[in-house]
Every structure is written in structure tokens, then in C-alpha cells.
Amino acid sequence: MGGELCARVEGGFFTNLAKSWCKMEKSLNDAISKSFVGKYFKLEARKSCFTRELRAGTATFLTMAYIITVNATILSDSGGTCSVADCTAPANQTASPDCMFKPNSGYQDCLSKNKNDLIVATALSAMIGSIAMGVLANLPLALAPAMGPNAYLAYNLVGFHGSGAISYQTALAVVLVEGCAFFAISAIGLRAKLAKLIPRPVRLACAAGIGLFIAFVGLQVHQGVGLVGPDSSTLVTITACASTNPETGACMGGKLQGPKFWLGLVGFIITSYGLMKDIKGGMIYGILFVTMISWFRGTSVTYFPNTPLGENNYKYFKKVVDFHKIKSTAGAVSFNNFNTSEVWVALATLFYVDVLATTGTMHTMAEIGGFGNDEGGFEGEYLAYLVDAGSTVVGSTLGVSSIATYVESSAGMREGGRTGLTAVIIGLYFFISLFFIPLFSSVPPWALGPSLVMVGVMMMKVVNEINWSNMKEAIPAFVTILLMPLTYSISNGIIAGIGLYMALSLYDFVMGSIRWLIKMRRRVVQEQNQVSATAAHVDPTIDQTHV
């Protein structure tokens with residue numbers, strides 16, 4: 001397997017060098033294929049080899065490495081475990097609740113530490129989930145905190161800097177309970193069956209609506225490139241201003257003159273070209289470009305301005321290599337105030353999104369990898385479901401949202417990844433990233449915003465599968481997609497879509513019931529007539545003999 005390139009090289013010094021390399025590669029692949037590792041992962045049975053799995057794991061990691069900083073940034077927007085108690089208060093005074101929404105050195109310092117914790121938690125949960133998927137299910141699938149549930153937790157449940165109805169600790173408890181329920185239905189084999197109960201148009205529209213929601217977040221001031229901001233008359237408007245209100249994000253002058261926006265736009269174009277040309281790691285090159293430009297001090301786009309917070313961030317950044325311990329988010333689960341309507345709605349929504357998104361993604365990846373079987377499932381399906389659900393339980397205890405299988409796993413499959421060794425290699429890459437937290441924590445929002453928009457682009461492709469000519473499907477699907485970004489709530493879109501679909505299906509249900517009752521009545525009348533006719537034709541002499 002490993003020497004397939006050798007047959008295509010001839011003559012010359014560099015060619016001989018290439019041949020030597022091919023022979024070494026073939027020897028390595030043969031040795032590993034015949035070892036315990038090769039037999040356990042079925043390298044020969046699945047017509048793969050170690051170097052091919054290594055390339056596949058590298059390709060997948062490069063395409064999804066953005067999640068380390070993107071997920072941490074989204075979750076830290078909720079404020080995490082930070083509260084008013086972390087704010088710096090004036091002398092002889094107590095801090096007011098609005099300190100969490102105004103520039104405050106104490107609160108910002110807490111947010112910075114929380115983000116570092118969440119970066120570690122993201123990488124660690126991805127490492128555990130991916131390695132478990134490889135070792136137990138022997139599938140080349142990578143796991144990490146899912147885009148969608150993380151935005152729902154940060155912006156809908158906890159709210160920006162804790163402005164929502166649920167605390168971060170309670171939200172983690174919701175994820176934990178949802179993960180346990182998810183594990184239970186996976187263990188008894190109900191997972192795929194539950195996914196089929198959801199109306200198909202709403203199921204498809206859900207992914208597109210979440211994509212628009214995430215893209216909207218990436219366009220805002222605090223979380224992204226700052227192209228969209230608040231407006232007193234039109235609610236939202238184009239900003240990207242030279243100066244904005246640090247508390248509200250409202251434009252204070254110079255629309256479309258913000259240098260950070262234009263730098264972010266360049267990053268978006270770089271990312272677009274990378275994905276357009278199918279370049280491995282195309283998703284992260286735009287992030288790297290913008291981030292490296294923002295690391296230069298003394299510029300209008302620097303991430304390290306001459307402020308106390310900027311100085312602290314720069315000191316930590318200069319460490320480059322540092323193993324950061326999780327101090328605030330690990331074990332932060334709390335069941336206080338758990339029995340509220342908001343919690344149960346959140347639990348149902350997260351459960352619904354997980355059943356749809358992760359189950360659908362797994363089946364799609366199985367089809368791409370050729371693992372499907374005649375029964376409509378795929379090889380290793382049962383253990384894959386258990387690993388996926390169990391990883392969510394582990395992730396919640398570390399402080400992150402639901403864990404899911406990533407569609408970026410297809411990048412590794414295109415490179416030839418066919419076994420769980422690919423997933424193990426991906427997990428090892430996430431382990432290595434744990435030692436570079438100072439670099440990951442210094443990625444600015446205007447570098448991550450374009451990637452959020454790009455995630456929205458990729459999630460919109462499912463709208464092609466919606467039957468727009470059938471109004472019974474089109475209306476619920478459109479309302480689901482529309483309400484998620486406009487109401488800033490994923491659950492609102494889901495509830496509205498399902499409710500509309502049920503309402504539009506009511507006519508068919510009533511008419512079907514009426515037709516069924518008429519049919520049953522005709523059948524009863526017909527049977528009664530047959531009985532009467534039979535009785536009328538009975539020979540009366542037979543009755544007399546029994547008298």
C-alpha cells in the first residue's frame with residue numbers, strides 16, 4: 001500500500017531519493033499493518049495503510065482546527081462563570097450589575113481566563129471524543145463541540161455576558177442531562193428512529209437557520225468583524241465604523257471605515273479562495289493571516305493595545321508554549337434553579353438538535369466512507385452513537401456544549417482515511433494543541449468572524465433538499481430559517497416550524513379521519529346487509545327440526 005508512488009518514478013538523484021523514501025514508507029506501512037495496531041484497526045482489511053491514515057488525520061485536523069478558538073470565543077461571550085463579583089469597583093463602592101456590559105478591567109480579566117479555560121476544554125473534549133471514536137468504533141470520524149449548540153447555549157440560554165434567563169452553570173447541567181438522555185436512547189437503539197419523527201422540512205431548515213444565526217453572530221461588533229450593529233430606527237444597520245460605543249456597539253462615526261473590518265474581509269476572501277480551490281486547511285488560512293497581522297503592536301488593528309488588558313494579554317502571548325490548567329469551567333455544573341420552564345425548553349431543543357444534526361452527519365460520513373450496509377445502517381454504528389453521546393457528557397463536565405461528529409471528517413476520507421487510526425491521529429493533534437494555549441487565546445474576534453460566516457455558507461446547502469413547490473413543506477421550512485436569526489433564538493425557529501407543520505397537516509389529518517370514518521361506516525353497513533341477506537335465505541325446515 002505504502003509503495004504505490006514508487007512505480008511512477010524513474011532515473012536521477014532526486015528520483016532515486018524518492019524511491020528510497022517510497023521503500024522506507026512501504027516497509028513502515030507493512031510493519032504497522034502486520035502489528036497489533038494494524039490488525040486492531042483492520043488496515044489491510046479496509047485496504048489502507050499507516051501513512052495514508054496519517055495524511056487523512058492531518059487533513060481533517062487542518063480543516064477543523066478553527067473550532068478550538070471559535071468555540072471558546074462563542075462560549076466566552078456568555079461570560080462563562082464570571083459575574084458581578086469579578087468586576088473592579090470604585091474605591092469604597094460596590095460594583096453595579098451593568099459593569100458586565102461596560103469596559104471593566106476586572107471583568108475583562110475574568111473573561112480572558114475563562115476563554116483560556118474554554119480553549120483547553122475544547123481541545124481536550126475533541127481529543128477524548130476523537131480517540132474514543134477511533135479506538136471503540138474504528139471509524140475515521142472526528143468529534144468536537146458542535147457549532148449550533150454552542151451558539152444556542154451562549155446567546156439564547158446564558159445570553160451575552162450572562163444577560164439570559166439561565167446561568168452558565170445551569171446551562172452546563174442542561175447539556176449534561178441531555179447528554180445522558182442521548183446516551184440512553186443510543187444504548188437502546190431509539191436514536192435513529194426519533195430522528196425520523198421530526199418533520200423533514202423542519203429537519204432540513206434547522207441546519208440552514210442555525211447557519212444564518214451563526215453567520216449573523218460573526219458579522220456583529222463584539223463577536224466578529226463588526227459589519228452589523230444596532231440602530232435606533234431600523235434595529236440593525238451596517239456599521240464597521242471608525243469608532244463605536246464600547247458599551248452598546250452603536251456607530252459613533254465613519255461607517256465602513258473600521259480597519260479591523262477591512263482586515264477581516266481580506267481574511268474572508270482568503271478563506272473563500274482556499275475552500276473554492278479545495279485547499280487542505282482552507283478554513284484556517286484566513287484566520288492565520290488576520291491573526292498574525294493583528295499581533296503587531298502599534299497598529300490600528302492590533303490585538304494588544306496599550307491598555308492594562310492589552311499588556312496582560314501580550315505578556316501571556318509571549319509565553320507561546322504553556323500548559324494551561326482548567327480552573328473555572330471544569331465541574332461548574334449546577335442544578336440550582338433547574339426546574340424552570342426555560343430549562344425544559346432548552347433541554348428539549350438541545351436534544352432535538354443533537355438527534356438531528358449528529359445522527360444525520362454520521363450517516364452522511366458513513367456513506368462517503370463506504371461503511372454503509374444493506375439494513376440502512378453502517379459498520380460500527382452502535383458504538384459510534386454511544387461514543388458521540390458519551391463525549392457530550394464528558395464535554396459538559398469540562399465546561400463546553402454538546403459534542404458532535406464533524407462534517408470536516410470528509411476531508412480525511414478524501415485523503416484515503418478508512419479506519420479509526422485516522423480519528424486517533426486527529427485526537428493526538430488536539431493533544432499537541434493543548435501546549436500552545438497562549439497562541440490560541442490571542443486570536444482576535446475580527447479573525448474569527450469570517451469563519452463563522454463561512455460556517456453559515458456551508459450549512460445553507462441543505463435548502464436544496466427542501467421541496468419549495470410544496471407549500472406544506474416550504475412555509476414551515478422558511479419560517480424556521482427566518483426566525484432563528486431575526487429573533488436571535490434557535491429554539492423559537494424550531495418551535496415555530498414544528499407548530500406550523502402540525503397546523504398545516506391538521507387539514508389532511510381531519511379529512512383523512514373523515515374519509516376513514518365514512519369508509520368504516522360503509523363497511524359496517526355492508527356487513528350488516530350481508531348478515532341480513534344470509535339470515536333471510538336460511539331454510540325454515542332446518543329450524544323446525546330443532547324445535
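Throughout, numbering of the chain's residues begins at 1 and tracks the sequence.
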For this session: Just do the side-chain hydrogen bond (donor to acceptor under 3.5 Å, both in side chains) check on Tyr285 and Thr271 with the steps written out, would you?
Result: CA-CA 6 Å; Tyr285 293 137; Thr271 299; over 6 Å; no

Pairwise distance [atom1]([X]) to [atom2]([Y]) - rounded to 0.5 angstrom:
{"X": "Thr405", "Y": "Asp388", "atom1": "OG1", "atom2": "CG", "value": "4.5 Å"}
{"X": "Ile495", "Y": "Thr349", "atom1": "CD1", "atom2": "OG1", "value": "5.5 Å"}
{"X": "Ile214", "Y": "Met147", "atom1": "CD1", "atom2": "CE", "value": "4.0 Å"}
{"X": "Leu434", "Y": "Thr122", "atom1": "CG", "atom2": "OG1", "value": "10.0 Å"}
{"X": "Asn313", "Y": "Ser112", "atom1": "CG", "atom2": "OG", "value": "4.5 Å"}
{"X": "Leu153", "Y": "Ser401", "atom1": "CG", "atom2": "OG", "value": "6.0 Å"}

For this session: Evaluate whether atom NZ of Lys113 has more than 12 neighbouring non-hydrogen atoms of other residues, nucleotides or ligands under 6.0 angstrom away.
Result: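 Atom NZ in Lys113 is not crowded, with 12 or fewer foreign heavy atoms closer than 6.0 Å.
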
For this session: Evaluate whether atom CE of Met292 has more than 12 neighbouring non-hydrogen atoms of other residues, nucleotides or ligands under 6.0 angstrom away.
Result: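 At most 12 heavy atoms, drawn from other residues, nucleotides or ligands, come within 6.0 Å of this atom.
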
For this session: Check Ile403, Ile128, Leu124 against Val394 for a side chain to side chain contact (heavy atoms under 4.5 Å, CB included) and give me the one that passes.
Result: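 Option passing the side chain to side chain contact (heavy atoms under 4.5 Å, CB included) with Val394: Ile128.
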
Hydrogens and angles aside, do [X] and [Y] bring a side-chain donor and acceptor to less than 3.5 Å of each other?
{"X": "Asn114", "Y": "Thr81", "answer": "yes"}
{"X": "Asp117", "Y": "Thr329", "answer": "no"}
{"X": "Thr422", "Y": "Glu53", "answer": "yes"}
{"X": "Glu311", "Y": "Tyr316", "answer": "no"}

Answer with yes or no after comparing the ring centroid distance for [X] and [Y] against a 6.0 Å cut-off, counting only values under it.
{"X": "Tyr488", "Y": "Phe213", "value": "yes"}
{"X": "Phe160", "Y": "Tyr155", "value": "no"}
{"X": "Tyr303", "Y": "Trp295", "value": "no"}

Exercise. Which class fits the ring pair Phe323 and Phe435: parallel under 30°, tilted 30 to 60°, perpendicular over 60°?
Worked result: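 Because their plane-to-plane angle lies in the 30° to 60° range, the rings of Phe323 and Phe435 count as tilted.
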
Exercise. Taking it one step at a time, do Thr170 and Ser167 satisfy side-chain hydrogen bond (donor to acceptor under 3.5 Å, both in side chains)?
Worked result: CA-CA 5 Å; Thr170 303; Ser167 69; 2.9 Å; yes

